Amino acid sequence: METTANSLVTVEKSKTSKIDQVDFDNLSFGSTFSDHMLVCDYKNGAWENPKVVPYGPVSLDPSAKIFHYGQSIFEGMKAYKDTEDSTWLFRPLDNHKRLNISAKRLAIPEIPENYFMEGLKTLLKVDEKWIPKNEGSSMYIRPFIFASGNGFHASPANEYKFMICLAPSGAYFSGKVKVLIEEKYSRSANGGVGFAKAGGNYAGQFYPTQLAVEKGYNQVIWTDDNTHEYIEEAGAMNIFVRINDTLITGPTSDRILDGITRKSIIEIAKDENINVEVRKLTVSEVVTAAKDGSLKEMFGAGTAAVISPISGFGYKETDYDLPELKEGFASLLKKRITDIQYNKAEDKFGWRYKL
Ligand SMILES: *Cc1c(COP(=O)(O)O)cnc(C)c1O
């Protein structure tokens, strides 16, 4: 094993590479992993130096608190190749900030910015050959922190692992998404952890989503836990609704995650002179708009799919279809954001970050 080091991050290279076994023309999402990963341990009240090591299993004690008390948070981001073979990240410091917002809520120690950024950059440089170059493909990056410390006492762990894994991924075509507006279950509540990217938020979503799938829908539209009258998120994405020519999304809160795609779309839409309203959105106004034809588009927004158009929704045993628009806001906004991500267009917002 070759070992190199910079001042903060050490690198232990894998002896062999799996890259020749990968079909880069047929990558699915998040199921192929690169040769290396980043591992950084928190022990005795401090983060130790991050290490790039060969990708592989992690050994944990059965009493590790992640298994019992769910102290687990993550981020999702991407690296993009442009036609000149340069690598770009998109607003990576925002992912670092949000990881620490999640950490605080789950009583997990915060990770310093240079550990996150230097660790990420070193890992991406070691596995740079793994970043897909095909149109629409990218390197999906998964930073995460979990409680590795032991013991059945219900209290925060005293040891944690911060890790980053890289998953080269093909273009994400979600197809037509038919959604069910949720009337019973909730993904988040006031005072809860809905604004954090906590693993448990996803665990809680799976069962209601299974029920929706059994009824013939692909995803759940989450409504507020108290009244189920307000539209909040689309699965694990933020949601946008277009009524006539106004684009509406709910305000971030305890219950709605502050998505980086969401806030970028808001800025790009304003730049396109689209009328954007960030306000509470009721189920009844969306149903009324669907009935009178003023509901033009609905779409989810998040890093993995960027924008995922919704073809129709179900509510109270009735299905509503959306019109098929060739050139709606969704396609326009997706093109503008991905052109910035892939360095195909000017980035007047300063979001691109060169590796
Ligand atoms: C990650 C996530 C999003 C999207 O956030 P991005 O920063 O745009 O990827 C939206 N909603 C939930 C619940 C999420 O977990």
Side-chain angles (χ1 to χ4, degrees), residues 29-30 70 72-80 89-103 105-106 116 120 138-145 164 167 169 172 174 177 179 182 185-190 192-209 212 219-225 230-241 247 249-269 278 281 298-310 330 333-334 336-338 340-341 349 351-353:
F29 178 81
S72 153
I73 54 172
F74 67 97
E75 274 300 319
M77 53 202 297
K78 283 176 172 175
Y80 311 86
L89 294 163
F90 185 72
R91 311 185 77 171
L93 294 165
D94 290 2
N95 291 98
H96 169 257
K97 280 199 200 105
R98 190 171 64 190
L99 184 63
N100 278 347
I101 289 170
S102 301
R105 181 63 183 83
L106 277 284
F116 182 92
L120 173 63
S138 59
M139 179 67 96
Y140 183 75
I141 303 166
R142 173 51 62 86
F144 56 108
I145 309 180
I164 304 179
S169 296
Y172 195 108
S174 50
V177 181
V179 297
E182 185 57 62
Y185 296 99
S186 309
R187 72 166 285 280
S188 59
N190 284 333
V193 299
F195 66 90
K197 263 185 122 64
N201 285 336
Y202 283 69
Q205 287 182 219
F206 291 156
Y207 176 64
T209 306
Q219 251 322 333
V220 169
I221 297 295
W222 299 107
T223 49
D224 69 290
D225 61 298
Y230 296 97
I231 295 213
E232 304 214 311
E233 295 215 54
M237 303 178 93
N238 294 114
I239 187 164
F240 286 82
V241 172
L247 193 60
T249 190
T252 56
S253 66
D254 272 8
R255 305 186 305 266
I256 299 183
L257 191 119
D258 188 1
I260 294 164
T261 316
R262 173 188 171 279
K263 65 183 180 184
S264 305
I265 284 172
I266 293 171
E267 284 194 59
I268 292 173
V278 178
L281 174 67
M298 290 172 76
F299 55 85
T303 296
V306 191
I307 285 180
S308 174
I310 292 168
L333 295 166
K334 180 168 182 177
R336 280 224 36 203
I337 193 169
T338 53
I340 293 173
Q341 290 168 334
F349 308 99
W351 292 336
R352 243 180 347 240
Y353 183 103

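Because the structure is predicted, anything quoted here is derived from the model rather than measured. Computed over heavy atoms, backbone and side chain alike; hydrogens, waters and symmetry mates excluded. Both ligands and their constituent atoms are indexed starting at 1 by order of listing.
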**Report entry** Straight-line distance of T252 OG1 to F195 CZ, nearest 0.5 Å
**Finding:** 11.0 Å

Query raised in the report: Which protein non-hydrogen atom lies closest to atom 15 (O) of ligand 1, naming both residue and atom, and how far is it?
Result: Y202 OH, 2.6 Å

Query raised in the report: Is the F349 ring parallel, tilted or perpendicular to the W351 ring (thresholds 30°, 60°)?
Result: parallel

Query raised in the report: Backbone N or O of K197 within a donor-acceptor pair of the S102 side chain at under 3.5 Å?
Result: yes

Report summary line: The option among G76, A236, S188, A196 carrying the non-hydrogen atom nearest to atom 10 (C) of ligand 1 is A236

Query raised in the report: Counting N and O atoms only, with roles assigned by atom type, does the side chain of S169 sit under 3.5 Å from a partner on the main chain of A167, one being a donor and the other an acceptor?
Result: yes

Query raised in the report: Which ligand 1 atoms are under 4.0 Å away from a heavy-atom of G259?
Result: 5 (O), 6 (P), 7 (O), 8 (O)

Query raised in the report: Is the distance between the ring centroids of F29 and Y140 less than 6.0 Å?
Result: yes

Query raised in the report: Just by modelled atom types, is the E182 backbone N or O under 3.5 Å from a matching donor or acceptor in the T223 side chain?
Result: yes

Query - Nearest-contact summary for atom 11 (N) of ligand 1 - protein heavy atom, Å - result: E233 OE1, 2.6 Å

Report task. Classify the contact between T261 and ligand 1 as side chain, backbone, both or neither, using a heavy-atom distance cut-off of under 4.0 Å. Result -> both

**Report entry** Heavy-atom donor-acceptor pair, R262 side chain to A301 backbone, under 3.5 Å
**Finding:** no

Query raised in the report: Going by heavy atoms, is R187 under 4.0 Å from ligand 1?
Result: yes

Query raised in the report: Is there a heavy atom of R98 sitting under 4.0 angstrom from any atom of ligand 1?
Result: yes

Query raised in the report: Tell me: protein heavy atom nearest atom 1 (C) of ligand 1, and distance?
Result: K197 NZ, 1.3 Å

Requested in this report: Could you check atom 9 (O) of ligand 1 against the protein and tell me its nearest heavy-atom contact, residue, atom and distance included?
Outcome: T303 OG1, 2.6 Å

Report summary line: Note: ligand 1 atoms sitting under 4.0 Å from heavy atoms of M237 are 10 (C), 11 (N)

Query raised in the report: Pick from R98, R91, K97: which one makes a salt bridge (charged side-chain N to carboxylate O under 4.0 Å, His left out) with E75?
Result: R98

Query raised in the report: Do any nitrogen or oxygen atoms of I260 come within less than 3.5 Å of a nitrogen or oxygen of ligand 1?
Result: yes

